[in-house]
Every structure is written in C-alpha cells, then in structure tokens.
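Numbering of residues begins at 1 and proceeds along the displayed sequence.
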Amino acid sequence: RYFLFVSLTASFLGWISVFLIVLAFSGKIIAPVSKSYEKQKQFITDAGHEIKTPLAIIEADIGVIEIQDGENEWLSDIKVQVRRLTRLTNDLIHLSKLDEGKGSLKLIDFSISELATETINSFAGLAKMREKKLTAEVLPNLTLRGDRESIRELFHIILDNAIKYSADEGNIKFELKKKNGHIILEVSNPVKNLTKEQAEHLFERFYRADKSRNSQTGGHGIGLSMAKAIVEGHS
C-alpha cells in the first residue's frame with residue numbers, strides 16, 4: 001500500500017510538473033507564430049489601403065483619356081482589370097477584418113428571415129436570365145444577433161456562387177431553418193465534374209476547382225473563404 005501510495009503521488013507530481021513546464025514554454029513557442037500572423041493581417045490591410053488609391057487614380061485617368069480620345073478596346077480592357085483589382089483589394093481587406101473575429105462585427109438583433117427573403121428576391125432575376133431555377137424555403141420570424149451586413153454578404157456570396165457554378169438549367173435550393181436552437185442555412189445546386197477532393201478545398205482562400213474559368217466568372221477564389229469567415233465569426 002505504501003509503495004502504491006508513493007507511486008501514485010510521484011506520478012501525480014510528475015504529471016503536474018510536466019504540465020507546468022509545457023504551459024510555461026508553450027506561450028513562448030506560440031508567441032512568434034501569433035505575432036507573425038498578426039503582422040500578416042496588418043500588412044494585408046495596410047497594403048490594401050495603399051493599393052486602392054493608385055487604382056482609383058488609374059480609373060479616373062482612363063475616364064479622362066476616353067473623353068479626350070474616345071473609347072477603344074485597350075482602354076476598356078484596362079478599365080475592366082482595374083475594377084477587378086479594386087474588388088479583390090476590397091475583399092482582401094474585408095477578409096482580414098473578418099479574421100479578427102467578433103471584435104470586428106457590429107452586433108445587432110435583426111430579422112434574418114426578412115434579410116434572406118430580400119436577398120433571394122434580388123437574385124431571382126439573375127437566376128431566370130441564366131435559365132436556373134431558384135427555389136427557397138425560409139422559416140419566418142427568425143431573428144439573429146449578429147452583423148447584418150456581413151450576413152447579407154454571406155447570402156450574396158452563396159447565391160452568387162450557386163448561380164455561377166451550377167450545371168445548365170440547374171435547380172438551386174435555398175433553405176433557412178432552425179434546429180436545436182441553431183439557425184441553419186443550406187444551399188444546394190447541381191455541379192459537373194467536381195470531385196470529393198476538390199469539394200473539401202472549396203472554402204480555402206484562392207482555391208478554384210476549375211482555374212480555366214477565372215476570366216469567365218470574374219471571381220478571385222476568395223468568396224467562399226469569406227463566407228466561411230463570416231459564419232465562424234457568428235459561431
């Protein structure tokens with residue numbers, strides 16, 4: 001009994017000692033990684049703001065040239081690319097802010113059912129124009145404490161991707177419901193030639209299952225990563 005008592009005591013003290021040592025050094029080990037990550041986010045934000053100014057100047061100069069010399073295909077192409085870069089810059093800045101978590105969100109109580117219905121109605125025309133069938137089931141009177149504009153952007157990103165990448169004449173289904181006290185959003189659409197491995201990477205930044213479609217869709221591959229960040233920020 002004495003041997004058992006001593007063994008258990010020694011084991012317990014050893015476990016406590018190891019725990020304290022790991023706890024003491026873990027902060028020092030993680031600190032450089034955390035600092036580097038924070039610097040990376042700050043760099044993206046600062047660089048994004050710096051890039052926005054010259055892009056705005058370039059677009060304004062293009063407008064002046066078009067007034068003086070008239071429009072041509074080269075100026076039109078430059079203008080399209082400048083606007084793409086501006087959208088990408090704005091998305092990167094927004095994504096960097098979302099990485100900060102709930103501290104960057106403006107939390108209010110609002111009707112998420114009304115917001116979902118409003119967004120669905122705004123996409124109905126686009127879906128019809130592209131010969132896609134958009135159906136929705138939204139549970140009425142659902143309220144959420146969150147960032148209204150971020151949730152609006154979440155709906156916009158999901159529906160925009162569903163319409164862009166669904167198969168021809170695809171049926172896009174949007175569902176907003178409540179289960180076990182949680183609000184659940186489910187959006188489904190048929191898609192061609194998407195493997196299970198590709199599907200697992202869809203919410204990664206800059207990932208595109210079909211890189212050849214960049215010029216066709218005008219996307220940058222960060223929309224779904226923004227949607228994921230918005231959901232995580234509200235969880």
Side-chain angles (χ1 to χ4, degrees), residues 41 45 48 52 83-84 86-191 194 199 202-205 207-209 217-235:
K41 289 196 300 182
T45 303
K52 286 173 71 175
R83 288 174 180 172
R84 287 192 70 219
T86 301
R87 287 198 303 271
L88 174 60
T89 302
N90 291 333
D91 287 346
L92 286 173
I93 293 172
H94 190 195
L95 188 56
S96 180
K97 290 181 179 179
L98 288 172
D99 284 339
E100 297 175 8
K102 291 186 177 180
S104 63
L105 301 176
K106 298 178 181 179
L107 303 180
I108 60 171
D109 293 315
F110 66 94
S111 172
I112 190 173
S113 296
E114 292 181 2
L115 184 61
T117 302
E118 176 187 324
T119 310
I120 292 164
N121 291 338
S122 68
F123 275 90
L126 179 61
K128 186 176 181 179
M129 183 181 69
R130 298 192 179 183
E131 298 181 344
K132 310 290 176 68
K133 184 180 179 182
L134 176 59
T135 58
E137 294 181 11
V138 177
L139 188 67
N141 302 321
L142 287 178
T143 59
L144 174 71
R145 181 166 182 79
D147 189 313
R148 181 184 175 89
E149 293 309 310
S150 292
I151 297 299
R152 185 196 302 276
E153 185 167 13
L154 169 66
F155 292 155
H156 186 281
I157 291 170
I158 296 296
L159 285 171
D160 184 58
N161 272 267
I163 292 173
K164 279 182 180 178
Y165 301 110
S166 63
D168 295 339
E169 300 181 358
N171 184 16
I172 302 163
K173 188 174 182 180
F174 182 105
E175 290 184 83
L176 189 70
K177 53 192 177 183
K178 193 169 186 178
K179 185 177 180 181
N180 298 328
H182 298 284
I183 294 175
I184 298 174
L185 168 66
E186 290 185 5
V187 180
S188 62
N189 62 275
V191 63
L194 181 68
L202 286 179
F203 289 90
E204 295 178 3
R205 298 179 188 183
Y207 179 81
R208 299 181 69 90
T217 62
H220 308 101
I222 64 172
L224 290 180
S225 64
M226 290 179 63
K228 179 182 178 181
I230 293 170
V231 172
E232 290 177 343
H234 286 80
S235 58

For this session: Go through the steps for Leu224 and Ile157 under the test side-chain contact (heavy atoms from CB on, under 4.5 Å), then give the verdict.
Result: CA-CA 7 Å; Leu224 290 180; Ile157 291 170; 4.3 Å; yes
For this session: Mind listing the closest non-hydrogen atom pair of Pro140 and Ser113 along with its distance?
Result: C-OG, 3.6 Å
For this session: Find the distance between CG (Leu126) and NZ (Lys132) and round it off to the nearest 0.5 Å.
Result: 8.5 Å
Problem set entry | Test item: Ser166 side-chain N/O and Pro190 main-chain N/O as donor-acceptor pair under 3.5 Å | no
Exercise. Given the rule in the salt bridge (charged side-chain N to carboxylate O under 4.0 Å, His left out) test, do Asp109 and Arg145 qualify, once you have shown the distances and angles that lead to the verdict?
Worked result: CA-CA 4 Å; Asp109 293 315; Arg145 181 166 182 79; 3.5 Å; yes
Exercise. Backbone N or O of His156 within a donor-acceptor pair of the Thr119 side chain at under 3.5 Å?
Worked result: no
Exercise. If every non-hydrogen atom of Ile163 is compared with every non-hydrogen atom of Arg130, which pair is closest and at what distance?
Worked result: CG2-CD, 3.8 Å
Exercise. Hey, what do you get for OG (Ser150) to NZ (Lys106), rounding to the nearest 0.5 Å?
Worked result: 9.5 Å
Exercise. At what distance, to the nearest 0.5 angstrom, does CG of Leu115 lie from CZ of Arg148?
Worked result: 5.0 Å
Exercise. Got a sec: does the CD of Glu118 have more than 12 other heavy atoms crowding it under 6.0 Å?
Worked result: yes
Exercise. Can you tell if the side chain of Leu185 reaches within under 4.5 Å of the side chain of Leu154, non-hydrogen atoms only?
Worked result: yes
For this session: Find the distance between CG (Leu159) and CD1 (Ile172) and round it off to the nearest 0.5 Å.
Result: 7.5 Å
Problem set entry | Glu186 side chain reached by Lys173 side chain, heavy atoms, under 4.5 Å | no
Problem set entry | Student check: side-chain heavy atoms of Ile230 and Ile151 closer than 4.5 Å | yes
Exercise. Nearest 0.5 Å, what's the CG-CG distance between Asn161 and Asn189?
Worked result: 8.5 Å
Problem set entry | Stepwise ring pair (Phe, Tyr, Trp, His ring centres under 6.0 Å) test for Phe155 and Phe174 | CA-CA 10 Å; Phe155 292 155; Phe174 182 105; 5.6 Å; yes
Seminar exercise, completed: When rounded to the nearest 0.5 Å, the distance separating CD1 of Ile120 from OG1 of Thr135 is 9.0 Å
Seminar exercise, completed: Smallest heavy-atom separation, Ile112 atom then Leu176 atom, equals O-CD2, 3.8 Å
